There are 2 protein chains.
Amino acid sequence: MAAEVDTTLRFSLDLKSGVPYYKQVILQVEMAIVDGRLENGDQLPTVRSLAVSLKINPNTVARAYNELEIRGIVNTQQGTGTFISDKKIELPEVEKERILSELTRPYLSNARAYGFTLEELIKHLQSMAG
Amino acid sequence: MAAEVDTTLRFSLDLKSGVPYYKQVILQVEMAIVDGRLENGDQLPTVRSLAVSLKINPNTVARAYNELEIRGIVNTQQGTGTFISDKKIELPEVEKERILSELTRPYLSNARAYGFTLEELIKHLQSMAG
DNA sequence: TATGTTGTATTAAAGTATTAGTACAATATA
DNA sequence: TATATTGTACTAATACTTTAATACAACATA
């Protein structure tokens, strides 16, 4: 029997890092999206359940989810839950292209300003997504 | 007579940006290194002179210089001044890696939230950078 | 050595960020 | 409709960040 890789989404807090709890939650969601453990439409833990398992206040989880919503990464509905946003279905091709340009342009120009080459960016993207 | 490009190092503050003054100074030094206006061994303005020209407290400039020293970007000597570190023409590798990660992570998770695949991103980057 | 230059240390004020406690509101569903 | 589930609003306590005022210390050099 082949060993299975555990791809379950687990949250944890580094209590000593000095990084605010809500930011740690944001980072963990982002990383899970980046490496594929979370996909469009997936539900995140409820603010209460995650608060219990992390032993923090529900508002702190809610704050993380709120920031993610502002950034367009999740959608939230009271009474239902918080979900990785699923915008790709709704958008026409032209619109997607425009959005991709608007996301990419500042990334590229910022990275270039710091002297990074296209090859470095691609390599970095691949290793993060890998 | 050919027009000359002014490569003088000028500091300025955006008072409304909400970005702390000392961070603005750090960014401006970093950018000047990246695009070659500052090179190995170049002296930065003294904390006092820059403080006067930016109309802020010398300690605020000193704080920026201190952070730059911690990051290995400048060397400081009391009585003499603050200089771009001799050893590194560009930013230290760790620093570059940190910056690249901070640029890439939000780009990637945003793009993923829109349903874009890694391949699409890379293709788009290549065509924009073309 | 005396003086002026450079950065540094200490402290305090003001603002901002972070978190939790408590109560509330919207939605789903039995 | 009643109830449980979901996120939200408001508030207050605490800690951290940012900046400046003032005084100090190290160094260069006349």
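Source: prediction; values computed, not measured. Every chain is numbered from 1 and lettered A, B, ... according to where its sequence line falls, protein lines coming before strand lines.
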Rounded (10°) bend between the five-pair end axes of the helix from dT1(C)-dA30(D) to dA30(C)-dT1(D)
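Taking the rotation axis at each end, their angle is 20°.
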
Name the closest nucleotide to the [X] side chain, picking from [options].
X        : options                   : result
Thr80(A) : dA28(D), dT27(C), dT18(D) : dT27(C)
Thr76(B) : dA20(C), dT8(C), dT18(C)  : dT8(C)
Asn59(B) : dG7(D), dA9(C), dT8(C)    : dA9(C)

Output the rounded distance in Å from [atom1] ([X]) to [atom2] ([N]).
X        : N       : atom1 : atom2 : result
Gln24(B) : dT18(D) : CD    : P     : 12 Å
Leu54(A) : dT19(C) : CG    : P     : 11 Å
Asn57(A) : dA23(C) : CG    : C1'   : 12 Å
Gln43(A) : dT5(D)  : CD    : P     : 14 Å

Lys/Arg-Asp/Glu bridge criterion (N-O < 4.0 Å) met for Arg71(A), Glu67(A):
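Salt bridge present between Arg71(A) and Glu67(A).
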
Before accepting this row, confirm whether a basic side-chain N of the pair Arg98(B)/Glu95(B) lies closer than 4.0 Å to the acidic partner's carboxylate O.
yes

Please report the shortest heavy-atom distance between Ser85(A) and Asn40(A), naming the atom on each side.
O-ND2, 2.9 Å

Residue closer to the 5' end of DNA chain C, Glu67(A) versus Gln78(A) (nearest nucleotide)
Glu67(A)

How do Tyr65(B) and Gln77(A) order along DNA chain C: which one's closest nucleotide is nearer the 5' end?
Tyr65(B)

Using only side-chain N and O atoms of [X], determine if any of them is under 4.0 Å from OP1 or OP2 of [N].
X        : N       : value
Lys23(B) : dT18(D) : yes
Thr46(A) : dT5(D)  : no
Tyr22(B) : dT18(D) : yes
Asn66(A) : dG7(D)  : no

Contact residues, residues 12-19 of chain B to DNA chain C [heavy atom, < 4.0 Å]:
none

Donor-acceptor contacts, no H, no angles, side chain residues 48-55 of chain A, under 3.5 Å, sequence neighbours left out:
unit_1	atom_1	unit_2	atom_2	d
Ser49(A)	OG	Thr46(A)	N	3.2
Ser49(A)	OG	Thr46(A)	O	3.2
Ser49(A)	OG	Thr46(A)	OG1	3.0
Ser53(A)	OG	Leu50(A)	O	3.3

Pairwise 5' ranking along DNA chain D for Glu69(A) and Arg48(B), keeping only the more 5' one:
Glu69(A)

Looking at Arg112(B) and Ile33(A), would you say the former's side chain and the latter's main chain have a donor-acceptor pair under 3.5 Å?
yes

Verify the cluster assignment for Val47(B) and Phe83(B): are they in a single hydrophobic cluster under the rule of side-chain heavy atoms below 4.5 Å apart?
no

